[in-house]
Structures are given as C-alpha cells and as structure tokens.
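Single-structure report; data block below.
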Amino acid sequence: MKIRKAVFPAAGLGTRFLPVTKAIPKEMLPLVDTPLIQYCVEEAIASGIEDVIIITGRGKTAIEDHFDTSKELEVLLEEKGKTDLLKMVRDISNLVRFSYTRQKEALGLGHAILCAKDLVGEEPFAVFLGDDIIDSKVPAMKQMTEVYKKYRHSVLAVQRVPRENISSYGVIKGTAAGNHLFEVTDLVEKPRPEDAPSDLAVIGRYILTPDVFEYLENTRPGKNGEIQLTDALKAMAGRHPIYALEFEGDRYDAGDKLGFLKATVSLALKRDDLRDEFVEFLKGLKL
Ligand code: UTP
C-alpha cells in the first residue's frame with residue numbers, strides 16, 4: 001500500500017526556544033522566509049504524500065492560518081499587481097489536503113501520534129517532526145518510502161551522532177540489513193553515552209504501520225512523564241520487524257538554538273537572491 005498520509009505532531013511546548021515560543025508556535029519560526037513546517041510539508045509532497053494531518057494544541061492557530069487561504073491578502077496583492085507574491089501565497093494554501101486535530105495536553109510525542117488514530121485509519125503512514133529539517137538531493141521521506149515498498153514494515157530515519165551528544169536522542173540497536181539499512185532489535189530513549197546501544201540516533205522521520213496504535217495505547221508514561229513513541233516502538237520491535245535507514249542528506253535540529261542558526265546560514269547560502277551579499281557579510285565578520 002502506498003504511503004498517502006503524513007502526521008505532523010506540532011503540539012509540543014517548544015521550551016528549548018523560549019521566550020519566542022511563548023506565543024509563536026515553534027513550527028512557524030522562519031528559516032530565511034519560510035516556516036519550518038512548510039519545509040517539511042514540501043518534503044512530504046515531494047515524497048508522494050496526499051494528506052497532511054497536523055496535531056496542534058493551544059496557541060498553534062498560526063499553523064492553520066498559514067496553510068489556509070487569505071482572501072484579504074490575495075485581494076491586496078492582486079490590486080497592487082504583485083503577481084509573484086500572489087502566486088506564492090495561493091500556492092501555499094493549495095499545497096495538499098490538510099486536516100487538524102488537537103492534543104489537549106502535551107502528554108508526549110507518542111500521545112500526539114495516537115491523537116491521529118482515527119484520521120489515519122488502517123494504513124501505513126509517515127510522521128514528520130517539524131524541527132528536523134533535512135536538506136538532501138532525494139527527499140529523506142522518499143528514500144524511506146523506497147525501503148517501505150520493498151519490506152512493507154515500519155522504517156525509522158537514523159543518523160550517526162557523536163557519543164557525547166547521544167543522550168538527546170532515541171537510539172537503536174540493530175543488525176545490518178543492507179546498504180545503510182538496519183533491522184531494529186531494540187531502542188532506548190535518551191541513553192547516557194555509556195549505555196547507548198549504538199551511535200545511530202532516530203531523527204524526526206518515520207514510516208509506521210498501523211499496529212503502532214495498539215502499542216501506543218498500551219504505553220505508560222516514561223521519560224519526563226511523557227508517553228514516548230520510542231517506548232511503543234521498543235515493545236513493537238520484539239513482534240514486528242522495524243527497519244532503520246541511515247538516510248543521505250544534511251539534517252538540522254532547528255528546534256534547538258544552535259541548530260536553528262546553522263540551518264539559517266546554510267539555507268541562506270543556497271539562495272540565489274541572498275548568497276553573494278550574505279557571503280560578503282560573513283567574510284567581513286571579525287571572528
Ligand atoms: P520535542 O521535544 O522536540 O518538542 O518533541 P517540544 O516539546 O515542542 O520542544 P522542547 O523540547 O520543549 O523544546 C518532538 C515533536 O513532538 C511534538 C513536538 O511539537 C515536536 O514536533 N510533540 C511533543 C507533540 O506534538 N506533543 C507533545 O506532547 C510533545
């Protein structure tokens with residue numbers, strides 16, 4: 001079955017990015033001029049996704065407004081003859097089919113995904129975490145759907161991370177199953193470096209089979225008192241094959257201040273309209 005639906009959990013509180021996230025959803029922070037979540041939605045579309053399901057929470061209505069039509073703005077741009085901007089604004093609201101559901105309380109990523117159970121139904125689906133921005137030739141999710149097509153089991157995106165940083169991630173234990181591919185035998189959420197089963201950290205892209213909902217329903221609060229997706233996947237790994245793909249591409253943790261700055265600079269340097277002047281500016285910095 002084709003991966004048609006993607007779930008975007010966006011109900012987290014974004015505490016690593018306070019104070020800006022007090023009133024502005026983290027997902028709406030811009031890299032140059034485009035909100036984080038739009039980069040991920042564009043990756044989803046380029047990977048064949050037809051339905052985007054966004055899990056929102058209190059204070060997140062800016063996300064819905066962003067992907068909705070904005071008649072007032074469109075009329076204004078039309079009157080002023082700003083056709084390029086008009087097209088850009090219209091294109092955003094016509095990107096794909098959106099639906100929204102709310103997570104009433106931030107009870108964890110696993111709980112947020114469970115909120116999408118009815119909208120997803122009985123089919124495999126993709127999950128995108130909006131803070132992870134992946135810049136790659138072939139969209140990261142497309143690389144993962146290729147693996148899914150072959151094996152028809154859940155697929156996690158993984159990346160090698162230095163040991164000293166491993167305790168910020170879910171980490172897999174796996175056996176080699178092909179080119180940059182592993183079969184997952186166990187997962188640990190945020191291990192201490194000495195306890196990490198490998199240096200392969202789970203990044204914010206997943207393809208999950210619908211069995212995951214049953215495991216999420218049976219998952220008790222874990223680290224930080226949250227219902228963790230990693231714990232559900234750990235239970236699932238014993239009974240259903242789960243694959244992990246070391247994807248090709250540069251990944252930025254834009255939910256973290258330093259990661260956000262790195263992503264901003266890298267993406268700005270790729271923009272024809274900004275590159276030359278920006279390079280001049282950077283060269284002139286006395287570091
Ligand atoms: P994070 O832990 O990265 O996001 O969760 P956060 O909680 O918003 O940010 P910090 O750590 O406090 O700075 C990973 C993803 O899961 C979503 C977040 O929105 C983010 O996309 N999430 C997390 C939910 O949707 N609900 C939750 O209860 C927790």
Side-chain angles (χ1 to χ4, degrees), residues 5-31 35-41 43-44 52-64 66-67 98-117 119-120 125-134 140-141 156-159 161 165-171 187 189-191 201-206 208 212-213 216-217 219-233 251-263:
K5 298 184 178 178
V7 174
F8 283 66
L13 301 176
T15 54
R16 282 175 297 159
F17 237 118
L18 281 167
V20 66
T21 45
K22 194 171 168 216
I24 295 172
K26 176 172 69 175
E27 296 73 15
M28 290 304 294
L29 295 180
L31 289 178
L36 296 178
I37 194 164
Q38 189 179 327
Y39 285 97
C40 296
V41 167
E43 181 190 326
V52 165
I53 300 162
I54 302 185
I55 315 297
T56 67
R58 260 186 303 286
K60 299 275 184 169
T61 47
I63 301 175
E64 289 174 58
H66 181 69
F67 292 114
F98 290 95
S99 28
Y100 298 87
T101 187
R102 258 171 112 115
Q103 185 189 23
K104 287 189 194 143
E105 238 183 298
L107 297 178
L109 172 60
H111 180 263
I113 294 173
L114 193 52
C115 294
K117 184 180 176 199
L119 287 168
V120 168
F125 61 102
V127 175
F128 287 78
L129 303 192
D131 340 9
D132 277 328
I133 299 296
I134 303 177
M141 185 53 75
L156 318 180
V158 291
Q159 188 184 44
V161 163
N165 300 338
I166 205 86
S167 50
S168 305
Y169 296 88
V171 181
L187 289 113
E189 181 65 17
K190 299 189 170 62
V202 179
I203 303 303
R205 301 287 183 276
Y206 308 77
L208 301 173
V212 75
F213 291 119
L216 286 170
E217 276 163 348
T219 299
R220 298 287 124 240
K223 279 244 158 91
N224 305 332
E226 295 185 342
I227 297 181
Q228 299 285 353
L229 174 61
T230 308
D231 292 341
L233 293 175
R251 170 256 174 186
Y252 302 96
D253 178 4
D256 164 80
K257 285 168 214 166
L258 189 58
F260 181 85
L261 288 172
K262 289 179 185 172

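All residue numbers refer to positions in the sequence shown, counting from 1. Numbering of ligands and ligand atoms starts at 1, following listing order.
Looking at Lys26 against ligand 1, only its side chain comes within 4.0 Å, counting heavy atoms. Residue contacts with ligand 1, taken as heavy atom pairs separated by less than 4.0 Å, involve Ala10 solely via the backbone atoms N, CA, C and O. At a 4.0 Å heavy-atom cut-off, ligand 1 does not touch His111 at all.
Lys60 places no side-chain N or O within 3.5 Å of a backbone atom of Ile55 that could act as its donor or acceptor partner. Lys5 places a side-chain N or O within donor-acceptor distance of the main-chain N or O of Leu119, the cut-off being under 3.5 Å. No side-chain donor-acceptor contact under 3.5 Å links Arg251 to the backbone of Gly204. Within the 3.5 Å criterion, the main-chain N or O of Ala62 finds no donor-acceptor partner in the side chain of Glu27. Judged by distance alone, the side chain of Gln103 and the main-chain N or O of Cys115 form no donor-acceptor pair under 3.5 Å.
Nearest protein neighbour of atom 14 (C) of ligand 1, counting heavy atoms only, is Leu129 CD1, 4.0 Å. With respect to atom 21 (O) of ligand 1, the closest heavy atom belonging to the protein is Pro9 O, 2.9 Å. Counting protein heavy atoms only, atom 11 (O) of ligand 1 is closest to Arg16 NE, 3.2 Å. Closest to atom 12 (O) of ligand 1 among all protein heavy atoms lies Thr15 OG1, 2.5 Å. Of the protein's non-hydrogen atoms, the one nearest atom 24 (C) of ligand 1 is Gly12 N, 3.4 Å. Nearest protein heavy-atom neighbour of atom 8 (O) of ligand 1: Gly14 N, 2.9 Å. The shortest contact between atom 16 (O) of ligand 1 and any protein heavy atom is with Leu109 CD1, 3.5 Å. Regarding atom 25 (O) of ligand 1, its nearest protein heavy-atom neighbour is Ala11 N, 2.9 Å.
Classified by interplanar angle (parallel below 30°, tilted 30° to 60°, perpendicular above 60°), the ring pair Phe17/Phe260 is perpendicular.
Leu229 places none of its side-chain heavy atoms less than 4.5 Å from the side chain of Val127. A 4.5 Å side-chain heavy-atom check between Leu18 and Thr15 finds at least one atom pair inside the cut-off. Tyr206 is listed as a side-chain neighbour of Leu129, based on a closest heavy-atom distance under 4.5 Å.
Remark: ligand 1 atoms within the under-4.0 Å shell around heavy atoms of Gln103 are 24 (C), 25 (O), 26 (N), 27 (C), 28 (O). Taking a cut-off of under 4.0 Å to the non-hydrogen atoms of Ala112, the atoms of ligand 1 that pass are 24 (C), 25 (O), 26 (N). Those atoms of ligand 1 that come under 4.0 Å of a heavy atom in Leu107, given as number and element, are 28 (O). Annotation for ligand 1: atoms under 4.0 Å from non-hydrogen atoms of Ala106 are 28 (O).
Salt bridge annotation for Asp131-Lys26: present, with a cationic side-chain nitrogen under 4.0 angstrom from a carboxylate oxygen.
The line from NZ of Lys190 to OH of Tyr169 is 10.0 Å long, rounded to the nearest 0.5 Å.
In this structure, atom 2 (O) of ligand 1 has no protein heavy-atom contact shorter than 4.0 Å. In this structure, atom 5 (O) of ligand 1 has its sub-4.0 angstrom surroundings free of protein heavy atoms.
Between Phe98 and Phe8, the distance separating the two ring centers is not shorter than 6.0 angstrom.
Within the 4.0 Å heavy-atom cutoff, Glu27 counts among the residues contacting ligand 1. Proximity of Asp131 to ligand 1 is established by a heavy-atom distance of less than 4.0 Å.
For the residues Cys115, Gly108, Gly130, the heavy atom positioned nearest atom 29 (C) of ligand 1 is part of Gly108.
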Using the side chain to side chain contact (heavy atoms under 4.5 Å, CB included) rule, take Val41 and Phe67 through it: C-alpha gap first, then chi angles, then the decisive distance, then the call.
CA-CA 10 Å; Val41 167; Phe67 292 114; 3.8 Å; yes
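Considering backbone and side-chain atoms alike, Leu13 places an N or O below 3.5 Å from some N or O of ligand 1.
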